[in-house]
Amino acid sequence: MERWAGGRAGAQPRRPRPALFAPHWEDVMLGRADLHERLAPVLAEIAPHLTSARLAGYWFAADGRLDEDLLADLADLRAEGLVLHLATVQEHHRARYLWEALELRQGFDAMHYAADLGSAKPDPAFYAAIEARTGYAAHELALLDDRPANVAAAQARGWGGVLWDGGRPIRDLLAEFRAS
């Protein structure tokens, strides 16, 4: 049985302002620091009227647009027995928001995210951590992602990999992948 791990799972985030996040972002994203602990002092200097919770709430909601067509296609494949894991580069708070508030937990068997794993795509350690966590061998896994570097890194670890650009139905890409 094949297992699939997807990148954005239909969420289409915009990047936060680099000047605000640059000094802290890697630590937050890799789970070495909490978003609010790092964001609150920055906001106190540049926008004292704004709390980190308020900014994060706005950011998560604004960037929480889901690709309902993609999710419906994935739900059909899951109903046919395909095991789906969400593999994403998120910090703890946004991962929780995606999983709980946007209810992505209903469409996936598990979620593996950067802050929880301590590494991010395309670092090989990200994929290795998912293998260790799931117990699946690399050849049993495939990554569906919208970034070529992430797909290439998964393939370099022995995973299958499919580049998704949103232009073709997932079912078609999966059929081509299985045929190759």
Side-chain angles (χ1 to χ4, degrees), residues 3-47 50-66 84-105 107-138 141-164:
R3 279 80 172 171
W4 282 77
R8 294 186 183 190
Q12 299 167 352
R14 285 180 249 148
R15 297 260 180 229
R17 293 183 144 274
L20 178 62
F21 288 89
H24 306 287
W25 194 243
E26 183 175 327
D27 285 341
V28 170
M29 189 58 59
L30 297 180
R32 298 186 299 242
D34 181 78
L35 173 68
H36 297 295
E37 289 174 4
R38 294 292 176 95
L39 185 55
V42 172
L43 289 175
E45 287 184 30
I46 65 169
L50 187 59
T51 67
S52 64
R54 185 171 171 208
L55 178 62
Y58 170 79
W59 165 29
F60 296 170
D63 282 349
R65 296 173 318 279
L66 299 176
L84 296 175
H85 287 228
L86 175 59
T88 183
V89 177
Q90 302 297 332
E91 59 81 38
H92 292 297
H93 297 280
R94 188 154 191 274
R96 188 175 318 110
Y97 178 83
L98 293 171
W99 198 244
E100 295 172 6
L102 295 185
E103 299 181 338
L104 288 179
R105 72 179 180 275
F108 294 88
D109 297 285
M111 176 170 63
H112 313 283
Y113 64 96
D116 194 38
L117 300 174
S119 59
K121 296 181 273 185
D123 183 344
F126 181 84
Y127 307 97
I130 292 171
E131 292 164 21
R133 177 178 278 186
T134 63
Y136 297 133
L141 297 164
L143 179 76
L144 169 70
D145 201 282
D146 62 350
R147 296 192 175 169
N150 296 340
V151 173
Q155 290 170 328
R157 279 230 26 111
W159 293 32
V162 176
L163 183 62
W164 182 73

Q) Do the rings of His93 and His36 sit parallel, tilted or perpendicular, given the 30° and 60° boundaries? A) perpendicular

**Q.** Derivation of the side chain to side chain contact (heavy atoms under 4.5 Å, CB included) call for Asp145 and Lys121
**A.** CA-CA 10 Å; Asp145 201 282; Lys121 296 181 273 185; 2.6 Å; yes

(Q) Show, in sequence, the C-alpha distance, side-chain angles and deciding distance for Asn150 and Tyr127, and conclude whether the side chain to side chain contact (heavy atoms under 4.5 Å, CB included) test is met. (A) CA-CA 10 Å; Asn150 296 340; Tyr127 307 97; 3.7 Å; yes

Q.
Quick one, Phe60 and Arg96 - any side-chain contact, counting heavy atoms below 4.5 Å?
A. no

Q: Flag the pair His24 / Leu39 as yes when at least one side-chain heavy-atom distance between them is below 4.5 Å, and no otherwise.
A: no

(Q) I'd like to know whether His112 forms a side chain to side chain contact (heavy atoms under 4.5 Å, CB included) with Leu86, so could you lay out the CA-CA distance, the side-chain angles of the two residues, the decisive distance to 0.1 Å, and finally the verdict. (A) CA-CA 6 Å; His112 313 283; Leu86 175 59; over 6 Å; no

Q: Determine, for Asp123 against Arg157, whether the closest basic-nitrogen to carboxylate-oxygen distance falls under 4.0 angstrom.
A: no

Q. CG of Asp27 to CG of Asp34: how many Å apart, nearest 0.5 Å?
A. 11.5 Å

Q | Minimum-distance pair of heavy atoms, taken over all atoms of Val28 and Ala115 | A | O-CB, 4.0 Å

(Q) To check you understand the geometry: which heavy-atom pair defines the closest contact between His85 and Phe108, and what is its length? (A) C-CD2, 3.8 Å

**Q.** Steps toward side chain to side chain contact (heavy atoms under 4.5 Å, CB included) verdict (Ile130, Leu117)
**A.** CA-CA 8 Å; Ile130 292 171; Leu117 300 174; 3.8 Å; yes

Q. Which atom pair, heavy atoms only, marks the closest approach of Pro122 to Ala149?
A. CB-O, 3.7 Å

**Q.** Euclidean distance, Ser52 OG relative to Glu37 CD, rounded to 0.5 Å
**A.** 9.5 Å

Q: Output the distance between atom CG (Leu35) and atom CE (Met29), rounded to the nearest 0.5 Å.
A: 8.5 Å

Q) In chain order, what residues pass the side-chain hydrogen bond (donor to acceptor under 3.5 Å, both in side chains) check against Arg105, with sequence neighbours excluded? A) none

Q: If the plane angle is over 60° it's perpendicular, under 30° parallel, otherwise tilted; pick one for Trp59 and Trp25.
A: tilted

Q: Check Gly160 against Ala154 and note the closest heavy-atom contact, atom names and distance.
A: O-CB, 4.4 Å

Q | Distance in Å, Glu100 CD paired with Met111 CE, rounded so as to fall on 0.5 Å steps | A | 8.0 Å

Q: Report the residues that fulfil side-chain hydrogen bond (donor to acceptor under 3.5 Å, both in side chains) with Thr134, sequence neighbours left out, ordered by chain and then residue number.
A: none

Q) So do the side chains of Leu43 and Leu55 get within less than 4.5 Å of each other, counting heavy atoms only? A) yes

Q: With sequence neighbours excluded, tell me which residues meet side-chain hydrogen bond (donor to acceptor under 3.5 Å, both in side chains) with Tyr97.
A: none

Q: Indicate yes or no: at least one non-hydrogen side-chain atom of Leu66 is less than 4.5 angstrom from one of Leu104.
A: yes

**Q.** side-chain hydrogen bond (donor to acceptor under 3.5 Å, both in side chains) partner of Tyr113, chosen from Arg94, Gln90, His92
**A.** His92

**Q.** Nearest heavy atoms of Leu143 and Ala87, plus distance in Å
**A.** CD1-CB, 4.5 Å

